[in-house]
Amino acid sequence: MSGKGFGVFWASPLPSTHYYTSFAYPFRTMAPLQRQQTDVSKADSDFSSLGEKGLVQQREYAPQHEIISEEDEGGNVGQAEFIKSQHAAEITPEQNKAILRRIDFFLLPLFLLTQTLQYLDKTALNYGKVFGLEKGMGLSGQQFSWVASTFYFGYLVAQMPVSYLIGRFPAGKVMGITCILWGVCVLTTITCKTFATAMVNRFFLGVFEASVTPGLSLMTGFFYTRAESPLRQTIWYSSVGWGGMLGALMGAGLEKMPEGATPKWEFIFIVLGSITIAWGFLLYFFLADGPSNAAWLKAEYRTLAVARVAANGVGIKNKKLKRNQIIAALVCPRAWLLTIAMFGSSVPNGILTSFSGTIIKDMGFSTYDAALLDCAGRSFQIIAVLIAGYVASKFENTRMLMVFIGNAICVMATALLSFLPSSMTWGRLIGFWLVNVQSIGFTLGLVMISSNFGGYTKKSIVSSIVFAAYCAGNIAGPQFVYKHEAPRYQSGAYAMMGGYIAKLVAHVLLWFIMAASNKKRDRQGPADPKLAAAAGMEDKMETENPNFRFVL
């Protein structure tokens with residue numbers, strides 16, 4: 001055997017008892033495989049290629065006579081289908097494209113609309129404020145800021161439990177149930193007439209919405225290769241921009257509506273809550289847990305779809321909680337740099353989600369014009385993340401470059417807000433618009449979790465830590481906005497700039513560490529993509545997988 005990978009283990013002498021044992025353990029209760037007689041030199045020239053581009057090519061293997069049940073996977077979701085794929089015929093480029101098209105067709109709309117509703121429901125408070133929500137709820141002083149922040153206390157408390165539920169049970173079912181429950185919270189917001197009831201309502205809204213962005217980020221890695229993930233993640237996360245635009249347009253429309261029996265701010269929550277509850281039932285029945293059990297993929301496509309994502313070298317999902325991976329996540333410097341970066345971006349985000357309409361209005365614009373101008377700013381967000389996602393998917397190792405550019409623009413934008421005089425309204429407004437580019441670093445930072453951390457427990461713990469920082473930043477952000485500082489809100493502008501500087505520095509250090517690790521591993525020998533894939537499907541961490549390389 002030439003040593004190019006494990007793809008011909010079944011057609012040539014076994015070079016390593018260790019790899020045979022670890023790779024073939026699901027066969028321990030099965031009848032022995034009958035080895036196919038082949039020309040070994042031909043097999044060497046017909047190896048699989050499980051590269052970053054996700055194209056899987058492999059030769060025919062001995063026919064499979066037994067079905068591998070998921071109970072034999074040892075908690076590794078998709079392991080059975082992965083092993084079956086080693087006996088399958090070659091995956092052609094046409095099949096690869098067909099599988100990707102089908103996944104995109106069924107999955108991206110579900111992800112996009114779920115994230116859009118989550119963002120609209122979370123920020124409805126922002127639009128309701130313009131139409132008398134504070135008076136309707138009996139809020140005064142800094143109470144609105146605390147109601148806005150309380151959402152993230154609930155989000156923070158729910159992080160670990162939600163990560164466990166998504167790992168232990170079908171993710172689609174978990175997402176569907178939580179979506180229905182947060183829709184109920186949105187609908188019942190209109191019953192909150194005191195500060196205390198508003199705080200309780202927003203806390204539970206945060207608890208139930210906590211499954212969305214972390215869950216969708218992890219699930220993106222279940223279905224897509226590392227090359228495909230950046231564009232798909234930015235497509236569904238662009239929903240934050242779309243949601244902001246829809247919310248702004250909704251606000252503009254309500255401004256022109258005549259007053260009725262139902263206060264305008266209550267109308268917002270009635271409509272959004274009803275839509276969210278209906279959407280939750282759809283998610284429950286149609287969102288698949290992974291490619292191995294996606295009903296909308298043909299049986300043979302499920303096997304090939306698992307083989308595609310196995311090439312990532314980080315596996316799909318493991319249902320067991322592993323103590324060693326929890327410890328590894330807690331001491332990983334890359335995890336903490338992502339955490340610092342997330343906190344840095346979340347302080348400004350906490351200000352934007354709760355006060356964007358108010359800040360623009362206080363620059364001297366009417367409520368109607370402020371809503372439309374906020375909508376225009378969201379277009380920057382959509383365009384920026386889609387361009388960054390396309391570049392990162394089209395050209396290898398450009399993710400951190402896109403993140404750096406996005407962070408640098410944000411520092412410049414907040415400098416305009418902080419230091420331009422109040423008389424330069426349009427200059428300050430453009431700075432406020434450009435802050436929306438921060439979604440590049442946020443989105444591609446989440447891709448770093450799904451693509452660059454192996455071991456599902458480690459990955460989910462890192463995700464939980466990062467989103468805990470997300471909550472902390474969003475809790476802190478609104479506390480820097482003071483009514484007496486209108487229209488400049490100077491403390492808020494300084495807090496935003498400081499957050500983006502911290503984010504920029506953390507991402508640069510992360511870039512350096514990953515690049516240095518890749519160079520060190522390359523000096524020890526070239527990576528074998530097949531061994532990387534096998535180790536990933538066995539739920540090995542990236543630190544335990546010498547054939548793994550970080551994508552930058």
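Residue indices begin at 1 and follow the sequence shown. Just so it is clear, the values below take in all heavy atoms, side chains as well, and ignore hydrogens, waters and symmetry mates.
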Just jot down the ring-ring contact (aromatic ring centres under 6.0 Å, His included) partners of [X], sequence neighbours excluded, or say none.
X: Phe208; value: none
X: Tyr237; value: Phe442
X: Phe106; value: Trp296

If only atom types and distance count, is the side chain of [X] paired as donor or acceptor with the main-chain N or O of [Y] below 3.5 Å?
X: Thr443; Y: Ile440; answer: no
X: Asn474; Y: Tyr470; answer: yes
X: Thr234; Y: Pro230; answer: yes
X: Thr225; Y: Glu228; answer: yes
X: Arg549; Y: Arg521; answer: yes
X: Arg302; Y: Leu297; answer: yes
X: Arg226; Y: Ser451; answer: yes
X: Ser393; Y: Tyr390; answer: no

| field | Polar side chain donor-acceptor pair, Asn96 to Arg308, under 3.5 angstrom | value | yes
| task | Say whether Ser238 and Gln381, considering side chains only, have a donor N or O and an acceptor N or O under 3.5 Å apart. | result | no
| query | Looking at residues at least two apart in the chain, or sitting in another chain, which of them share a salt bridge (Lys or Arg N to Asp or Glu O under 4.0 Å) with Arg334? | reply | Glu542
[X] side, atom [atom1]; [Y] side, atom [atom2] - distance, nearest 0.5 Å:
X: Leu509; Y: Met514; atom1: CG; atom2: CE; result: 11.0 Å
X: Met400; Y: Leu444; atom1: CE; atom2: CG; result: 8.5 Å
X: Ser460; Y: Phe467; atom1: OG; atom2: CZ; result: 12.5 Å
X: Ile327; Y: Lys322; atom1: CD1; atom2: NZ; result: 14.0 Å
X: Leu156; Y: Thr150; atom1: CG; atom2: OG1; result: 12.0 Å
X: Leu216; Y: Leu287; atom1: CG; atom2: CG; result: 7.5 Å

Considering residues at least two apart in sequence or located in another chain, which fulfil the side-chain hydrogen bond (donor to acceptor under 3.5 Å, both in side chains) criterion with [X]?
X: Asp104; result: Tyr224, Arg232
X: Thr220; result: Trp236
X: Asn407; result: Lys503, His507
X: Thr276; result: Asp121

| task | Validate the cation-pi geometry between Lys459 and Tyr456: distance from NZ or CZ to the six-membered ring centre under 6.0 Å, angle to the ring axis within 45°. | result | no
| task | State which residues pass side-chain contact (heavy atoms from CB on, under 4.5 Å) with Tyr164; sequence neighbours excluded, sorted by chain then number. | result | Arg168
| Taking only residues two or more places apart in sequence, or in another chain, which ones meet Phe286 in a side-chain contact (heavy atoms from CB on, under 4.5 Å)? | Leu282
| What residue pairs, at least two apart or across chains, pass salt bridge (charged side-chain N to carboxylate O under 4.0 Å, His left out) with a residue in residues 337-347? | none
| query | After noting the C-alpha distance and the side-chain angles of Phe548 and Thr543, does the key distance pass the side-chain contact (heavy atoms from CB on, under 4.5 Å) rule? | reply | CA-CA 8 Å; Phe548 178 85; Thr543 53; over 6 Å; no
| task | Give the C-alpha distance, both sets of side-chain angles, the deciding distance and a yes or no for side-chain contact (heavy atoms from CB on, under 4.5 Å) between Ser450 and Phe222. | result | CA-CA 9 Å; Ser450 60; Phe222 295 174; over 6 Å; no
| Taking atom CH2 of Trp242 as the centre, does the number of heavy atoms from other residues, nucleotides or ligands within less than 6.0 Å exceed 12? | no
| request: Determine, step by step, whether Leu205 and Arg202 satisfy the side-chain contact (heavy atoms from CB on, under 4.5 Å) criterion, reporting the C-alpha distance in whole Å, the side-chain angles of both residues, the deciding distance to 0.1 Å, and the verdict. | output: CA-CA 5 Å; Leu205 180 65; Arg202 288 288 291 183; 3.6 Å; yes
| message | Give me the atom names and distance for the closest heavy-atom approach of Ser211 to Val162. | response | CA-CG1, 3.4 Å
| query | What pair of heavy atoms forms the shortest contact from Gly477 to Ile351, and how long is it? | reply | O-CG1, 3.3 Å
| request: Establish, yes or no, whether a centroid distance under 6.0 Å links the rings of Tyr155 and Phe151. | output: yes
| Do Val347 and Phe343 pass the side-chain contact (heavy atoms from CB on, under 4.5 Å) test, and can you show the C-alpha distance, the side-chain angles, and the key distance before you say yes or no? | CA-CA 6 Å; Val347 170; Phe343 181 81; 3.9 Å; yes
Just distance, no hydrogens or angles: give the donor-acceptor pairs under 3.5 Å from side chains in residues 110-120, sequence neighbours left out.
from	atom 1	to	atom 2	distance (Å)
Thr114	OG1	Leu110	O	2.6
Thr114	OG1	Trp279	NE1	2.9
Gln115	OE1	Thr213	OG1	3.2
Gln115	NE2	Gln118	OE1	3.3
Gln115	NE2	Thr213	OG1	3.1
Thr116	OG1	Leu112	O	2.7
Gln118	NE2	Glu209	OE1	2.9
Tyr119	OH	Arg378	NH1	2.9
Tyr119	OH	Arg378	NH2	3.0

